[in-house]
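Working notes for the structure below.
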4 protein chains.
Amino acid sequence: MVQLGLVGLGRMGFNMRERLRAAGHEVVGYDRNAEVSDCGSLGELVSALAAPRIVWVMVPAGEPTKQTVAELGDLLSEGDLVIDGGNSRFTDDKHNAAVLAEKGIGYLDVGVSGGVWGKANGYGLMVGGDKALVERAMPIFDALRPEGPREEGFAHAGSVGAGHYAKMVHNGIEYGLMQAYAEGFELLEAAKVVEDVPAVIKAWQRGTVVRSWLLELLVHALEEDPELDDLEGYVEDSGEGRWTLEEAINHAVPAPVISAALFARFASRQKDSSAMRAVAALRNQFGGHSVKKAGE
Amino acid sequence: MVQLGLVGLGRMGFNMRERLRAAGHEVVGYDRNAEVSDCGSLGELVSALAAPRIVWVMVPAGEPTKQTVAELGDLLSEGDLVIDGGNSRFTDDKHNAAVLAEKGIGYLDVGVSGGVWGKANGYGLMVGGDKALVERAMPIFDALRPEGPREEGFAHAGSVGAGHYAKMVHNGIEYGLMQAYAEGFELLEAAKVVEDVPAVIKAWQRGTVVRSWLLELLVHALEEDPELDDLEGYVEDSGEGRWTLEEAINHAVPAPVISAALFARFASRQKDSSAMRAVAALRNQFGGHSVKKAGE
Amino acid sequence: MVQLGLVGLGRMGFNMRERLRAAGHEVVGYDRNAEVSDCGSLGELVSALAAPRIVWVMVPAGEPTKQTVAELGDLLSEGDLVIDGGNSRFTDDKHNAAVLAEKGIGYLDVGVSGGVWGKANGYGLMVGGDKALVERAMPIFDALRPEGPREEGFAHAGSVGAGHYAKMVHNGIEYGLMQAYAEGFELLEAAKVVEDVPAVIKAWQRGTVVRSWLLELLVHALEEDPELDDLEGYVEDSGEGRWTLEEAINHAVPAPVISAALFARFASRQKDSSAMRAVAALRNQFGGHSVKKAGE
Amino acid sequence: MVQLGLVGLGRMGFNMRERLRAAGHEVVGYDRNAEVSDCGSLGELVSALAAPRIVWVMVPAGEPTKQTVAELGDLLSEGDLVIDGGNSRFTDDKHNAAVLAEKGIGYLDVGVSGGVWGKANGYGLMVGGDKALVERAMPIFDALRPEGPREEGFAHAGSVGAGHYAKMVHNGIEYGLMQAYAEGFELLEAAKVVEDVPAVIKAWQRGTVVRSWLLELLVHALEEDPELDDLEGYVEDSGEGRWTLEEAINHAVPAPVISAALFARFASRQKDSSAMRAVAALRNQFGGHSVKKAGE
């Protein structure tokens with residue numbers, strides 16, 4: 001059993017603490033929210049751990065993660081290890097690793113998939129960093145990942161950054177998968193040829209080519225709300241879809257499906273579209289086609 | 001100078017009658033709307049013309065055109081000529097031509113482009129049918145087409161159906177062109193790096209690679225309404241974009257731009273999207289991501 | 001146990017006969033290929049069955065299916081039942097049902113998913129037609145579908161045509177899912193940040209959001225050929241993707257992901273693209289940008 | 001008449017020198033290629049100009065431009081003005097302006113459109129920077145821009161960077177426009193309904209909605225090579241399409257047409273596609289569908 005500091009006890013971090021403790025590991029958690037925190041500060045967290053320490057960071061990507069890593073750099077000692085399990089952009093990892101390397105502190109980046117279901121099912125893990133550090137943290141990875149063969153829920157993807165890169169692409173794919181199901185759902189709803197749409201989607205769970213965990217989640221959602229009309233078609237995006245597309249651009253990789261999925265989310269959040277106002281205006285200009293006046 | 005019957009005096013037909021008369025041709029127009037019609041019925045129109053007659057049909061595509069052609073088939077005589085200048089699907093042309101051929105009546109299909117500006121500028125014409133019939137109708141085509149070399153505003157595209165096919169593809173391209181400008185406009189509006197967006201678009205009219213007639217129309221629209229906020233981003237589609245995409249499918253031709261332009265119109269008319277409700281539901285299911293409740 | 005005629009013993013039909021027999025049903029199979037056929041003709045097949053008969057048709061979609069249904073209409077008797085389990089377009093079903101209804105013969109259409117794995121795993125089934133006929137054929141459906149709750153591998157989707165409609169949309173979604181994984185794979189390959197791409201994809205099988213049966217198949221494929229370089233990126237399409245897109249057009253449903261997946265297949269089969277020759281020519285015209293000469 | 005240094009005498013810079021001289025301005029050009037250069041070094045160029053100087057930089061975007069600007073910063077004096085007319089990313093402009101501002105040297109960024117035709121037709125110009133500097137350089141802009149009203153070929157788009165931003169979006173639109181024509185061309189070629197495709201495209205030049213300068217260039221290209229089969233469908237991209245898409249991502253602007261056009265170029269340069277190999281492998285895995293072996 002290992003001892004572990006865990007910074008960030010939000011939806012993901014909180015559940016991971018539970019899963020790690022259930023596996024017998026000792027977890028000292030810190031969060032700004034005192035109600036869930038095991039200690040009063042990052043300093044207290046570090047003091048509570050015996051060297052060489054392992055601290056897992058699970059805070060929002062970008063500045064919060066960079067800042068936490070920097071603070072840990074000040075508090076930790078040579079030979080300690082920081083693991084960033086958040087949704088950081090892979091380009092942040094080299095920076096974070098370098099900041100810590102100056103002080104002899106190791107760094108691993110881990111892409112963590114599985115959402116709220118990870119506590120019960122285990123989390124899919126993709127890790128970047130030195131092999132020796134990966135081995136050192138393996139008891140933690142083994143506790144977090146799903147049961148079954150390790151290589152089906154865990155990969156050492158490469159050097160620093162590779163874990164988040166793998167997770168980024170994973171999420172890009174996820175955008176595409178979700179949009180594919182969503183387009184099919186909309187067509188079934190619109191065509192009204194299939195009389196019981198939720199029953200058909202439910203029946204895709206076994207035997208079919210499209211069966212997947214996402215499909216099971218869609219079945220759950222339709223069981224609660226058969227036409228999904230309790231909610232709005234308003235969808236956020238959280239960084240990784242955008243980064244995947246940026247990387248596709250960098251490497252000249254055509255990504256029509258992933259980009260279409262991302263653009264559909266952008267469009268879902270627009271009350272009205274400047275672009276489509278321009279098209280409406282053009283049609284009116286050349287053809288005298290009627291337009292909808294704003295507020296009509 | 002020739003004599004011509006013209007059935008359908010809506011936005012397009014009315015203007016075409018003006019342009020034909022201005023060119024010295026004798027036009028007998030018929031429309032169900034007595035205010036604009038020159039005669040009381042199709043029968044009267046046919047009676048008013050000396051054989052061999054030419055009757056130009058300019059009514060809505062689909063059933064209205066088919067029915068008008070069928071009625072003309074009953075009223076006209078061997079050696080007469082019917083020209084369908086509407087936005088018919090090219091597959092209707094073979095049917096219409098066959099109906100008339102049984103009675104020895106000729107048929108030409110003409111794709112007509114130019115919208116409300118055609119009256120002043122002339123119309124771009126794409127014609128399908130027999131060469132001899134095309135020659136016979138040439139004085140009409142010459143009056144309708146823009147000034148300048150005939151081959152820059154008129155083409156005999158091929159046999160029956162080829163005129164409407166060419167027009168269909170023309171309109172598919174048009175969808176893509178409009179959407180390209182529209183996306184650029186939206187990005188300029190959103191980024192706020194360019195301070196005077198209408199001024200930049202206005203400046204694209206001379207010298208640039210993107211100069212076009214559609215761009216000039218966009219400039220007109222922006223002069224009237226610099227942020228296009230008098231209207232809604234709600235855009236109809238009128239058949240030809242859909243047919244172009246169906247033909248691309250038939251011929252296994254990738255058409256990502258034309259389809260994207262068509263889908264953007266579909267989406268512009270949706271109050272809410274079933275597809276995006278499904279994506280929102282999925283995100284909520286796996287990640288506990290918050291969703292917008294309907295009506296929020 | 002029921003008795004069943006099965007017409008068409010290709011890859012799918014052959015396996016289905018095995019699975020049905022393993023479940024204890026009596027299957028009389030007919031195929032033009034005498035090596036696999038149980039009888040010499042459709043007539044012999046019909047004679048071998050006791051009335052009221054059930055005949056399952058599993059031949060290529062379109063004309064072959066229509067013709068088989070027509071022949072069965074001549075051979076079968078009032079009260080018999082024909083089931084089309086092929087990949088027919090849903091619009092063919094009404095025609096086939098009507099042909100048979102004239103003679104008092106029932107008709108069901110069944111979308112069958114699962115490919116070569118169905119023999120072992122069971123097939124996902126989506127059925128269209130009258131409830132009473134569906135009940136009558138239920139022992140067959142129960143033998144073909146996967147183990148587990150019936151409603152997770154079987155749905156009565158609606159009236160005639162609804163089974164094939166559901167299967168069509170299923171396949172449209174499948175195109176999108178496959179393309180999403182494919183784009184992610186290509187990006188991982190191109191970026192070279194992840195060192196062991198197959199290991200990462202293998203690790204997505206448990207715990208992650210993108211886990212699915214298709215993902216497992218991709219893992220199998222990569223185990224056999226880690227860079228997939230034994231094969232060419234040449235992909236056929238088999239009708240249902242095109243029909244899904246046509247239906248999306250008919251119902252004004254935006255389908256950017258499914259269309260992108262279809263277009264990627266079209267493009268994969270082109271040695272060279274007319275469209276891209278046009279773009280190259282345009283760049284050369286306005287910018288003097290160099291072009292690749294054909295054959296270079 | 002003004003005096004102007006011009007650095008970079010490639011395809012664009014060379015022609016611009018001609019046009020400026022034809023308008024009566026004094027141009028001292030410098031290029032590493034001594035055959036076209038008017039002087040032997042940047043230093044000689046600066047020495048040849050009377051203060052306050054104007055130096056127009058027309059070298060490749062990125063490092064070459066940054067380096068040239070830095071060198072000019074060392075050579076020029078307070079009150080001088082540098083104009084970057086290359087295809088720089090708008091984010092480079094703030095850097096370049098800051099480098100020069102330290103020495104009291106002014107900076108303007110200019111997006112220049114028109115390609116090899118600009119020498120004869122004039123160039124479309126979009127300028128970013130301080131109003132006073134824009135006024136100072138106006139005689140140059142007036143010489144370079146097309147004849148006609150200034151505001152139809154010139155815009156002061158905003159502060160530093162806005163000129164290149166406008167040009168970037170211009171080029172993004174251009175990608176979409178070209179792809180729209182290209183898809184239409186490919187469909188016409190594939191369908192073979194229209195017998196004389198070049199004649200139809202030629203006829204779109206007058207009266208139609210799709211008439212544009214790019215269309216005229218397509219007509220030229222088809223006059224030289226009616227099926228465009230002297231060249232390959234291999235298309236480079238030059239930065240601005242990618243940046244436009246990156247900016248669309250940054251601002252959450254859906255850009256399906258511009259991205260599709262960019263991806264089509266990426267795909268045009270691939271001998272084989274990893275993504276489509278993955279799709280082929282998947283089809284083979286689930287359905288036993290045959291695949292093309294590499295090298296077949």
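Only a predicted model underlies this, so the values are computations on that prediction, with no experimental measurement involved. The sequence lines fix the lettering, A, B, ..., with proteins before strands; numbering per chain opens at 1.
- You'll find the side chain of B:Ser238 reaches within 4.5 Å of the side chain of B:Tyr175, heavy atoms only.
- Chain D forms more heavy-atom pairs under 4.5 Å with one residue of B:Thr208, B:Leu187, B:Val209, B:Ile258 than with any other, namely B:Val209.
- By number of non-hydrogen pairs under 4.5 angstrom with chain B, the leading residue of D:Leu125, D:Leu214, D:Asp196 is D:Leu214.
- In this view, B:Arg145 and B:Asp142 satisfy the salt bridge (Lys or Arg N to Asp or Glu O under 4.0 Å) rule, not counting sequence neighbours.
- The candidate from D:Val169, D:Val210, D:Asn250 with the greatest count of non-hydrogen atom pairs under 4.5 Å with chain B is D:Val210.
- If you tally non-hydrogen atom pairs under 4.5 Å between each of B:Ala255, B:Gly128, B:Ala261, B:Gly114 and chain D, the highest count goes to B:Ala255.
- Residue with the most contacts toward chain B among D:Met168, D:Arg150, D:Glu216, D:Met126: D:Met126 (heavy-atom pairs, distance under 4.5 Å).
- No other option in D:Val253, D:Leu144, D:Ile173 has as many heavy-atom pairs under 4.5 Å with chain B as D:Ile173.
- Of all the listed residues (B:Ala180, B:Ala182, B:Ala203), the one sharing the greatest number of non-hydrogen pairs under 4.5 Å with chain D is B:Ala203.
- Distance CG/D:Leu215 to CH2/D:Trp204: 7.5 Å, rounded to 0.5 Å.
- Between B:His170 and B:Trp243, the distance separating the two ring centers is not shorter than 6.0 angstrom.
- Looking at D:Tyr181 and D:Glu183, their side chains never come closer than 4.5 Å, going by heavy atoms from C-beta outward.
- Side-chain N or O atoms of D:Glu195 include one that pairs as donor or acceptor with a backbone N or O of B:Ser159 at under 3.5 Å.
- Ranking D:Ser259, D:Gly172, D:Gly158, D:Ala191 against chain B, the residue ahead of the rest is D:Ala191, based on heavy-atom pairs under 4.5 Å.
- Taking the salt bridge (Lys or Arg N to Asp or Glu O under 4.0 Å) definition, one finds that D:Arg89 meets it with D:Glu246, sequence neighbours left out.
- With a 4.5 Å cut-off on non-hydrogen atoms, B:Phe154 touches chain D through its backbone but not through its side chain.
- Of the two parts of B:Pro146, only the side chain, counted from C-beta on, holds a non-hydrogen atom closer than 4.5 Å to a non-hydrogen atom of chain D.
- Checked by atom type and distance alone, the side chain of D:Gln179 never pairs as donor or acceptor with a backbone atom of D:Ala260 at under 3.5 Å.
- For B:Glu147, the part lying near chain D is the backbone, with the side chain staying farther off; criterion is any non-hydrogen pair under 4.5 Å.
- Put simply, the side chain of B:Glu152 reaches to within 4.5 Å of the side chain of D:Arg206, judged on heavy atoms.
- With chain D as partner, the option from B:Val193, B:Val112, B:Val194 having the largest number of non-hydrogen pairs under 4.5 angstrom is B:Val193.
- D:Glu189 does not touch chain B: none of its heavy atoms, backbone or side chain, sits under 4.5 Å away.
- In terms of non-hydrogen atom pairs under 4.5 Å with chain D, the most contact-rich of B:Met178, B:Glu247, B:Gln205 is B:Gln205.
- Between the side chains of B:Ser88 and B:Asp84, a donor-acceptor pair is found at a separation under 3.5 Å.
- Highest contact tally toward chain D, considering only B:Glu174, B:Lys167, B:His156, is held by B:Glu174 [criterion: heavy-atom pairs under 4.5 Å].
- Across D:Ser113, D:Gly161, D:Gly176, the residue that shares the most heavy-atom pairs under 4.5 angstrom with chain B is D:Ser113.
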